[in-house]
Amino acid sequence: MYDYLVVGSGLFGAVFAHEVKTAGKSVLVIDKRPNIAGNVYTENVEGINFHKYGAHIFHTNNTKVWNYITQFANFNRFTNSPVANYKGELYSMPFNMYTFNKMWGVVTPEEAAAKIEEQKKGITGEPQNLEEQAISLVGRDIYEKLVKGYTEKQWGRDCKNLPAFIIKRLPVRLTFDNNYFNALYQGIPIGGYTKMVANLLDGIEVRLNENYLAKKAEYDVIAEKVVYTGAIDEYFDYCLGNLEYRSVRFENEILDKPNFQGNAVVNYTDCKTAWTRIIEHKWFEFGKDEDGKDLPKTIISREYSSEWRPGDEPYYPVNDEKNGKLYVAYKELADKEEKIIFGGRLGEYKYYDMDAVIASALECVERELK
């Protein structure tokens with residue numbers, strides 16, 4: 001018998017497992033994948049820590065979370081400064097004075113602010129959708145070139161049919177600051193995320209290639225409580241219908257050259273380019289190997305966004321009104337499960353940044369160990 005069975009070895013599961021073990025509880029972690037670390041899994045390919053399930057850049061304003069996670073990894077000083085490519089025109093992201101100068105030729109913050117004000121005159125009152133929200137933030141020119149096409153590829157929906165809050169976290173600055181995140185702390189774990197998660201799970205029994213839902217009866221009897229980090233609707237066999245997600249498909253290439261695009265992240269913002277962005281993984285760690293030597297090859301990933309179908313990997317919850325109501329109905333079912341704790345991005349159907357997943361896991365443990 002175990003005190004806890006943790007289903008899923010991603011950030012939520014790994015943090016929960018580490019904390020309850022530290023508190024003297026017995027814990028078993030299982031994962032249906034052949035590897036630990038969930039979607040933050042990285043593997044070393046050609047000396048490069050390759051982000052297999054998409055780029056993950058750690059950033060937080062939560063000092064408690066930063067102090068916690070840096071026990072398990074040293075982080076480098078990577079700063080996220082994406083480039084937007086619109087039909088060969090390159091713009092800085094976040095939207096800042098470099099962007100405004102390239103777009104409009106303005107030089108001063110006052111000129112940039114005046115241009116945005118001029119372009120958002122048609123938006124009155126509280127923005128009702130993503131398009132109105134974006135225009136009110138950055139004006140119509142930037143919306144048309146750098147927001148609309150990318151967003152509609154990402155979500156598979158017209159910007160007029162997406163909620164305004166999705167774009168509210170988009171940074172807009174009247175400065176020349178190229179740091180995408182407004183975060184006190186950010187970086188990439190040196191040695192990769194898998195190494196960090198392995199440190200969290202050190203000394204904990206882990207079984208891989210184990211499908212909990214396929215062996216639910218067998219696993220439920222060996223633990224007092226189950227921490228489930230899979231999809232909440234899948235747990236209930238989709239009895240109320242499918243929650244919607246966006247999925248991502250990756251086309252990966254190892255290139256026999258030292259540099260493909262000169263930046264970790266380049267977004268393709270026109271609607272005709274099929275992919276949303278290209279990640280060049282080596283630049284998350286400055287193109288160096290663990291000994292600080294330049295890497296002769298590079299790895300790129302083209303990302304294609306698609307509607308989730310059963311069997312696909314669910315990435316982004318579609319947090320619209322319809323799915324919100326359906327999740328509430330599933331949450332009511334979950335609350336009746338006395339032995340099961342639902343957590344993480346899929347268990348709580350939330351668009352979580354990594355720091356928020358860690359904070360949620362720590363709060364969950366505190367409630368459990370009261």
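Please read these numbers as outputs of a predicted model, since none were measured by experiment. One-based numbering along the sequence shown.
- Interatomic distance, Thr151 OG1 to Leu130 CG, rounded to the nearest 0.5 Å: 5.5 Å.
- Between Lys225 and Asp3, none of the side-chain N atoms (NZ, or NE/NH1/NH2) sits under 4.0 Å from a carboxylate O, so this pair counts as no salt bridge.
- Partners of Tyr349 under the ring pair (Phe, Tyr, Trp, His ring centres under 6.0 Å) rule, at least two apart in sequence or in another chain, are Tyr245.
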Evaluate the ring pair (Phe, Tyr, Trp, His ring centres under 6.0 Å) criterion for residues Phe75 and Phe58: first the C-alpha distance (whole Å), next the side-chain angles of each, then the deciding distance (0.1 Å), finally the verdict. CA-CA 9 Å; Phe75 283 70; Phe58 194 88; 5.5 Å; yes
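- The number of heavy-atom neighbours closer than 6.0 Å to CD of Glu321, taken from other residues, nucleotides and ligands shown, is 12 or below.
- Using a 4.0 Å cut-off between a side-chain N of Lys or Arg and a carboxylate O of Asp or Glu, Arg207 and Glu205 qualify as a salt bridge.
- Remark: of the listed residues Lys216, Lys32, Arg33, Lys215, Lys215 is the sole one forming a salt bridge (Lys or Arg N to Asp or Glu O under 4.0 Å) with Glu210.
- Side chain of Tyr268 to backbone of Cys271: no donor-acceptor contact under 3.5 angstrom is found.
- Among all heavy-atom pairs drawn from Ala329 and Leu240, the shortest one is CB-CD1, 3.7 Å.
- Under the 4.5 Å side-chain heavy-atom criterion for grouping Ile, Leu, Val, Met, Phe, Trp and Tyr, Phe165 is connected to Phe181 within one hydrophobic cluster.
- Under the salt bridge (Lys or Arg N to Asp or Glu O under 4.0 Å) rule, Glu307 has a single partner from Arg249, Lys153, Arg157, which is Arg157.
- Remark: Glu290 CD is loosely packed, at most 12 non-hydrogen atoms of other residues, nucleotides or ligands lying under 6.0 Å away.
- Heavy atoms only, all atoms of each residue included: Leu200 and His18 are closest at O-ND1, 3.0 Å.
- The backbone N or O of Ile299 sits nowhere less than 3.5 Å from a side-chain atom of Lys282 that would complete a donor-acceptor pair.
- No side-chain donor-acceptor contact under 3.5 Å links Gln119 to the backbone of Ile116.
- Annotation: Tyr91 is not in aromatic contact with Phe95 [ring centroid separation under 6.0 Å not met].
- No donor-acceptor pair closer than 3.5 Å links the side chain of Glu303 to the backbone N or O of Ile279.
- The shortest heavy-atom contact between Leu184 and Asn61 is N-OD1, 2.8 Å.
- The closest side-chain donor-acceptor pair between Glu43 and Tyr41 falls under 3.5 angstrom.
- Using modelled atom types and a 3.5 Å distance limit, the side chains of Asn263 and Trp283 yield no donor-acceptor pair.
- In this structure, Arg345 is not positioned above the aromatic face of Tyr352 in the sense of NZ or CZ being under 6.0 Å from the six-membered ring centre and within 45° of the axis.
- No donor-acceptor pair under 3.5 Å is formed between the side chain of Asn199 and the backbone N or O of Asp202.
- Side-chain atoms of Tyr212 and Asp220 form a donor-acceptor pair, as typed in the model, at a separation below 3.5 Å.
- Side-chain atoms of Glu348 and Ser360 form a donor-acceptor pair, as typed in the model, at a separation below 3.5 Å.
- Formation of a donor-acceptor pair under 3.5 Å by the Asn267 side chain with backbone atoms of Thr269 is not found in this model.
- Scanning all heavy atoms of the two residues, the minimum distance from Thr229 to Gly13 falls at CG2-N, 4.2 Å.
- A donor-acceptor pair shorter than 3.5 Å can be found between the side chains of Asp320 and Asn323.
- Between Trp155 and Tyr316, the ring planes lie tilted relative to each other; the angle falls in the 30° to 60° range.
- Put simply, Val328 and Tyr351 are part of two different groups of oily side chains (I, L, V, M, F, W, Y) that touch within less than 4.5 Å, one to the next.
- Between Phe286 and Phe78, the ring-plane angle classifies as tilted under the 30° and 60° cut-offs.
- With respect to the salt-bridge test (charged N to carboxylate O, under 4.0 angstrom), the residues Asp289 and Lys293 do not qualify.
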Could you pull out every donor-acceptor pair under 3.5 Å between side chains of residues 46-53 and any protein atom, sequence neighbours left out?
residue	atom	partner	partner atom	Å
Asn49	ND2	Glu285	OE1	3.4
Asn49	ND2	Glu285	OE2	2.8
His51	ND1	His56	N	3.2

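- No donor-acceptor contact under 3.5 angstrom links the side chains of Tyr327 and Glu332, judged on distance only.
- Checked by atom type, the side-chain pair Arg277/Asn85 shows no donor-acceptor distance below 3.5 Å.
- Between Glu89 and Lys145 a salt bridge is recorded (basic side-chain N to carboxylate O distance below 4.0 Å).
- Contact annotation: the side chain of Val40 approaches that of Val197 to within less than 4.5 Å [non-hydrogen atoms, C-beta and beyond].
- Side-chain atoms of Tyr4 and Glu368 include a donor-acceptor pair closer than 3.5 Å.
- Atom SG of Cys239 and atom CG of Leu333 lie 5.5 Å apart (nearest 0.5 Å).
- In terms of heavy atoms, Ala112 sits closest to Phe100 at CB-CD1, 3.7 Å.
- Note that CG of Asp355 and NZ of Lys64 are 13.0 Å apart. Values are rounded to the nearest 0.5 Å.
- Ring pair Trp308/Tyr238 is tilted by interplanar angle, where 30° to 60° counts as tilted.
- One finds the CG atom of Asp294 at 10.5 Å from the CG atom of Asn259 (value rounded to the nearest 0.5 Å).
- Placement of Phe236 and Tyr219 within a single hydrophobic cluster is found when ILVMFWY residues are connected by side-chain heavy-atom separations under 4.5 Å, directly or transitively.
- Using modelled atom types, one side-chain atom of Arg246 and one backbone atom of Gln154 make a donor-acceptor pair closer than 3.5 Å.
- Ring geometry for His281 against Phe284 counts as perpendicular: the plane angle is over 60°, on a 0 to 90° scale with 30° as the lower cut.
- Residue Pro310 comes nearest to Asn242 through the heavy atom pair CG-ND2, 3.9 Å, listed as atom of the first residue, atom of the second, then distance.
- Side-chain contact, Thr298 with Glu280: a donor N or O sits under 3.5 Å from an acceptor N or O.
- Remark: Lys322 engages Glu244 in a salt bridge, criterion side-chain N to carboxylate O under 4.0 Å.
- Both Tyr2 and Val226 are assigned to one and the same hydrophobic cluster, defined by single-linkage of ILVMFWY side chains at heavy-atom distances under 4.5 Å.
- Note: the hydrophobic cluster containing Leu90 does not contain Val138 (ILVMFWY, side chain heavy atoms under 4.5 Å, direct or indirect links).
- Side-chain contact annotation: Asn178 with Ser81, donor-acceptor N/O pair under 3.5 Å absent.
- Checking side-chain atoms of Asn80 against main-chain N and O of Tyr180 turns up no donor-acceptor pair under 3.5 Å.
- The main-chain N or O of Ile188 is found under 3.5 Å from a side-chain atom of Asn76 such that the two form a donor-acceptor pair.
- Note that OG of Ser136 is 11.5 Å distant from OH of Tyr143, once rounded to the nearest 0.5 Å.
- Shown here is Lys331, whose NZ atom has no more than 12 heavy atoms of other residues, nucleotides or ligands within 6.0 Å.
- For Lys339, the NZ atom is densely surrounded, since the number of other residues' heavy atoms within 6.0 Å is greater than 12.
- Considering CD of Glu132 and SG of Cys159, their distance stands at 11.5 Å, rounded to 0.5 Å.
- For the pair Thr194 (side chain) and Thr42 (backbone), a donor-acceptor distance under 3.5 Å is present.
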One pair to check against side chain to side chain donor-acceptor pair (under 3.5 Å): Asn252 and Arg302. What are the steps and the verdict? CA-CA 7 Å; Asn252 305 309; Arg302 292 180 178 86; over 6 Å; no
